[in-house]
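Chain letters run A, B, ... following the sequence lines, proteins first, then strands; residues in each count from 1. These numbers come from the heavy atoms of this one structure, side chains and all, not from hydrogens, waters or symmetry mates.
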Protein chains: 2
Amino acid sequence: MTAPPSPELSPDPQTPPPAPYASPCTCFQVRRAARIITGRYDAALAPLGLRITQFSVLAHLVQQPVPLTALAEMLVMDRTTLTRTLKPMLAAGWVTTEADPTDRRIKRAQLTETGLALFEQAVPLWRDTQRAVKDHLGRDFVRDLHDRLTTVWETLSAAP
Amino acid sequence: MTAPPSPELSPDPQTPPPAPYASPCTCFQVRRAARIITGRYDAALAPLGLRITQFSVLAHLVQQPVPLTALAEMLVMDRTTLTRTLKPMLAAGWVTTEADPTDRRIKRAQLTETGLALFEQAVPLWRDTQRAVKDHLGRDFVRDLHDRLTTVWETLSAAP
DNA sequence: TATACAACATTGTATATGCAATTAATAAAT
DNA sequence: ATTTATTAATTGCATATACAATGTTGTATA
């Protein structure tokens, strides 16, 4: 079994990279970026015991109660992932669920008083982080990044 | 507790979005893109029982054995995450670890014959996926996306 | 109406992720 | 040489992620 090593897939190991090398793998790139950005947002919200994923959920419930499947669609996450995501939030008393009287299959999630208060505390921290990221990377850079990431989602979720 | 709902944080719930709305949250954007891209790559590698994260690990071991901490740095993942990532790969016999004789703290990971063969089978599938993504999004688009994602990583890992 | 089908939700299983704490081994300092 | 600090690795804990399978409820159909 002779190995055709794929040098383009890994950095030169003679120069072990403290400096991040430009991987050719799109998946690696976007996951890496997601990790560091998530770390930023999570760190900013940590004083409230909140994570950015949970913050997203709260943000989508501010207006009114939302059926769980619709909520998962809004958040663009797997339906089963939402169930797990919601679990600690229910335990913390930030969110409650109520059954739809007319269709007992449907459950709606809604904010509690505690959840709303927490969200209001979190918004400024979220905003600060948004601003910090924008300051570091530049307004135009971030806008273009957003556009491209949205395009990635739209294109790949539509494509076969 | 009167609520100042933050309309910019959630889509209009009167128009429940099957169409993905453009969230203003950079973190949400990049995580969403990471989810769909990861799904693509995982699906492509699934016939081999391999995930894209595992493929990345294999790719970094093709040249020669790598100490685990250095491997985690190459992969830009938390050191403890690497331990968990490696676990099923060790169990599957794709990778082994060996202690450094001169420094017994250090463990090196290296490919097995099986792991190398698997990697060689996986490379074409990875390449196909790369090409498919490029075809869908456009070569220039992907190149610019890569550049920006690398910049995100470099900038935010350096910034305070 | 009995049956098939579709929609909603959860649970089992498995990996992904990272912080805090722990253990072990080496290096540095007194 | 003993103490101290550093480095390498793992484990505990908690959340993030999604596929497959299951149970429940509503709808459509024969």
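In the set C/dT11, D/dG26, C/dA25, the nucleotide with an atom closest to the side chain of A/R84 is C/dT11. Here the side chain of B/R79 is nearest to one of D/dG26, D/dT10, D/dT11, namely D/dT10. Considering only side-chain atoms of A/L68, the nucleotide from D/dT10, C/dG18, C/dA9 that sits closest is C/dA9.
To the nearest angstrom, P of C/dA28 lies 12 Å from CG of B/D103. Atom CD1 in B/I106 sits about 12 Å away from atom P in D/dT10, given to the nearest Å. Put simply, CE on A/M77 is 16 Å from C1' on C/dA9, counting in whole angstrom units. In this structure, A/I37 places its CD1 atom 13 Å from P of C/dG18, rounding to the nearest Å. Across the protein-nucleic acid pair, A/F28 atom CZ and C/dT17 atom P stand 10 Å apart, rounded to whole Å. Remark: P of C/dT17 and CD of A/Q54 are 18 Å apart, rounded to the nearest angstrom. Look at CG on B/L50: it is 12 Å from C1' on C/dT15, rounded to the nearest Å. Nucleotide C/dG18 holds its C1' atom 15 Å from the CG atom of B/L75, rounded to whole Å.
When heavy atoms are screened at a 4.0 angstrom cut-off, A/R31 is found touching the sugar-phosphate backbone but no base atom. B/P88 comes within 4.0 angstrom of the backbone, heavy atoms only, and of no base. Contacts of A/T69 with the nucleic acid, taken as non-hydrogen atoms under 4.0 Å apart, involve only primed sugar atoms and P, OP1 or OP2. Among the heavy atoms of the strands lying under 4.0 Å from A/T53 are primed sugar atoms or P, OP1, OP2 only; no base atom is included.
With both pairing distances under 3.5 Å, D/dA30 is matched to C/dT1 as a Watson-Crick or G-U wobble pair.
For A/D78 and A/R51, each mapped to the nucleotide of DNA chain D holding its nearest heavy atom, the one lying further toward the 5' end belongs to A/R51. Between A/R105 and B/R105, the residue anchored closer to the 5' end of DNA chain C is A/R105, taking for each the nucleotide with the nearest heavy atom. Both A/P67 and A/G39 lie near DNA chain C, and the one whose nearest nucleotide falls closer to the 5' end is A/P67.
For the residue pair A/R79 / A/T83, a side-chain donor-acceptor distance below 3.5 Å is found, with atom types taken as modelled.
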task = Take B/T150 and A/Q29, measure what side-chain hydrogen bond (donor to acceptor under 3.5 Å, both in side chains) needs, and give me the verdict at the end.
result = CA-CA 7 Å; B/T150 298; A/Q29 288 271 355; 3.1 Å; yes

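For the atom pair CZ (B/R108) and OG1 (B/T69), the distance works out to 11.5 Å, reported to the nearest 0.5 Å.
B/I106 and B/L111 end up in different hydrophobic clusters when Ile, Leu, Val, Met, Phe, Trp and Tyr side chains are linked at under 4.5 Å.
At a cut-off of 3.5 angstrom, the base of D/dT25 holds no donor-acceptor pair with the side chain of A/R104. With hydrogens and angles ignored, no donor-acceptor pair closer than 3.5 Å exists between the side chain of A/R40 and the base of C/dG18.
For B/Q121 (side chain) and B/L118 (main-chain N/O), no donor-acceptor pair under 3.5 Å exists by modelled atom type.
Ion pairing between a basic and an acidic side chain is recognised when a charged N comes within 4.0 Å of a carboxylate O; B/R148 and B/D144 show such pairing.
OP1 or OP2 of C/dT17 sits under 4.0 Å from a side-chain N or O of A/R35. Close to C/dT10, at under 4.0 Å from its OP1 or OP2, lies a side-chain N or O of A/K107. For the OP1/OP2 pair of D/dT10 and a distance below 4.0 Å, the side-chain nitrogens and oxygens of B/T80 include no atom meeting the criterion. For D/dT10, one of the phosphate oxygens OP1 or OP2 lies less than 4.0 angstrom from a side-chain nitrogen or oxygen of B/T83.
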